[in-house]
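Written below as structure tokens is the structure these notes are about.
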Number of protein chains: 2
Amino acid sequence: MPTQWDPDTPIYIQLYQQVLSRILDGYIIEGEALPSVRKVAAEYQLNPITISKAYQMLQDENIVEKQRGKGLFVNHGVQDIILNRERESFLTSQWPKIVEQINRLKLSTDDLLQPIEEAK
Amino acid sequence: MPTQWDPDTPIYIQLYQQVLSRILDGYIIEGEALPSVRKVAAEYQLNPITISKAYQMLQDENIVEKQRGKGLFVNHGVQDIILNRERESFLTSQWPKIVEQINRLKLSTDDLLQPIEEAK
DNA sequence: TTAAGTGTATTGGTGGTATATAACACTATA
DNA sequence: TATAGTGTTATATACCACCAATACACTTAA
């Protein structure tokens, strides 16, 4: 599914973001286990440690919890937390820069809406 | 002016982007010379090679041209070229991802416009 | 108990970034 | 002709992020 990796972003970061996305979009359910480090490693032809590093970030943020010998389980209530966190982050740190960029490039609403209409 | 450097982006990349921005915004004029490698190095406490690396990128893209012994001069017509290039890049590679993100986070137009209104 | 399944700590290689230092080739000016 | 100003190249050094190979500690189930 992750056709290819973006060479400008560390793989473990992309894995981390992918898990967040899948929780957010409901493909990974609260209370269930993440696919094991070795499974993902085999599927994507990666070193288990690389996946472990992504999973470690999720543990540090209390998104998942480790059950020794069993795997990593998604905590309850996390979907909402992620949604709010991403919204907050987008609105405060990304969106202002985007607006500034739009103004700097003197882009019209037509320029911005056209690609959206075409995608429909 | 560049209060501080973003630790997540190479300095020479930030220098390169800064020059592009200043040309775009009219602070650096076509036909004029860029500040010399050594001046910038002294001002920002950097190694001359670091500045040279940024300037090399600008030469590779024909933004500036070298006059041996004199310095690097901004080519004519470059302001428009940069504007079009940035617009193109923004609309095709950044904006679609932004729109997708907005949809994914189910952000309303109110959420997006509020910070803009507040800034006025 | 044994085998297979969890995650992870250690170690080492590779490549990118930036520095320090020096030298080169050229031009403009006093 | 000196001198000081351009950008550039070369070498060595240091540091850190990324990733792989290996080995370890633990749990579960046959």
Side-chain angles (χ1 to χ4, degrees), chain A residues 2-20 22-23 28-75 78, chain B residues 2-20 22-23 28-75 78:
Chain A
T3 45
Q4 216 52 325
W5 303 109
D6 169 12
D8 296 329
T9 309
I11 293 177
Y12 75 93
I13 297 286
Q14 297 182 57
L15 284 167
Y16 160 79
Q17 292 170 335
Q18 190 179 104
V19 173
L20 287 185
R22 293 191 174 183
I23 294 176
I28 298 180
I29 308 297
E30 296 178 355
E32 294 192 353
L34 296 183
S36 87
V37 163
R38 284 173 179 75
K39 254 186 201 153
V40 178
E43 182 180 356
Y44 295 164
Q45 309 266 44
L46 296 172
N47 192 293
I49 305 265
T50 302
I51 289 86
S52 178
K53 223 169 155 183
Y55 283 9
Q56 186 57 58
M57 293 179 69
L58 295 165
Q59 291 181 69
D60 294 343
E61 298 178 350
N62 291 316
I63 305 289
V64 301
E65 205 147 321
K66 174 165 49 174
Q67 294 185 20
R68 316 216 326 194
K70 300 183 65 177
L72 295 175
F73 292 77
V74 180
N75 285 329
V78 152
Chain B
T3 44
Q4 218 51 325
W5 304 109
D6 169 12
D8 296 329
T9 309
I11 294 177
Y12 75 93
I13 298 286
Q14 297 182 56
L15 284 168
Y16 160 80
Q17 292 170 336
Q18 188 180 106
V19 173
L20 287 186
R22 293 191 174 183
I23 293 175
I28 299 180
I29 308 296
E30 297 179 356
E32 293 191 352
L34 297 183
S36 87
V37 163
R38 285 174 179 78
K39 254 187 201 152
V40 178
E43 181 179 357
Y44 295 163
Q45 307 267 48
L46 296 172
N47 191 295
I49 301 200
T50 304
I51 288 88
S52 181
K53 228 170 152 181
Y55 283 8
Q56 186 58 56
M57 292 179 70
L58 295 165
Q59 292 181 68
D60 293 343
E61 296 178 352
N62 291 315
I63 305 289
V64 300
E65 203 147 321
K66 175 167 45 173
Q67 294 185 21
R68 318 216 324 195
K70 299 183 64 178
L72 295 176
F73 291 78
V74 180
N75 285 330
V78 151

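- The interatomic distance linking A/Lys53 (NZ) with D/dC16 (C1') rounds to 11 Å, in whole Å.
- Spacing between atom CD of A/Gln45 and atom P of D/dA21 amounts to 11 Å, rounded to whole angstrom units.
- If you check every strand for non-hydrogen atoms under 4.0 Å, B/Gln59 touches sugar and phosphate atoms only.
- The distance from atom CD1 of B/Ile49 to atom C1' of D/dT6 is 16 Å, rounded to the nearest whole Å.
- One atom, CG of B/Leu34, and another, P of D/dT8, lie 11 Å apart when rounded to the nearest Å.
- The residue among B/Gln67 and B/Ile11 whose nearest nucleotide of DNA chain C is located toward the 5' end is B/Ile11.
- Going from atom CG of A/Asp6 over to atom P of D/dC18 covers 13 Å, rounded to whole Å.
- Residue B/Asn47 places no side-chain atom within donor-acceptor reach of the base of C/dA18, judged by atom type and a 3.5 Å distance cut-off alone.
- Mapping A/Leu46 and A/Gly69 onto DNA chain D by nearest heavy atom places A/Leu46 closer to the 5' end of the strand.
- Rounded to whole Å, atom P of C/dT17 lies 13 Å from atom CG of B/Asp8.
- For C/dG7, the base has a donor-acceptor partner in the side chain of A/Arg38 [N/O atoms by modelled type, under 3.5 angstrom].
- Regarding B/Phe73, its CZ atom lies at a distance of 13 Å from the P atom of C/dT27, rounded to whole Å.
- Below the 3.5 angstrom threshold, one finds no donor paired with an acceptor across the side chain of A/Arg68 and the base of C/dG7.
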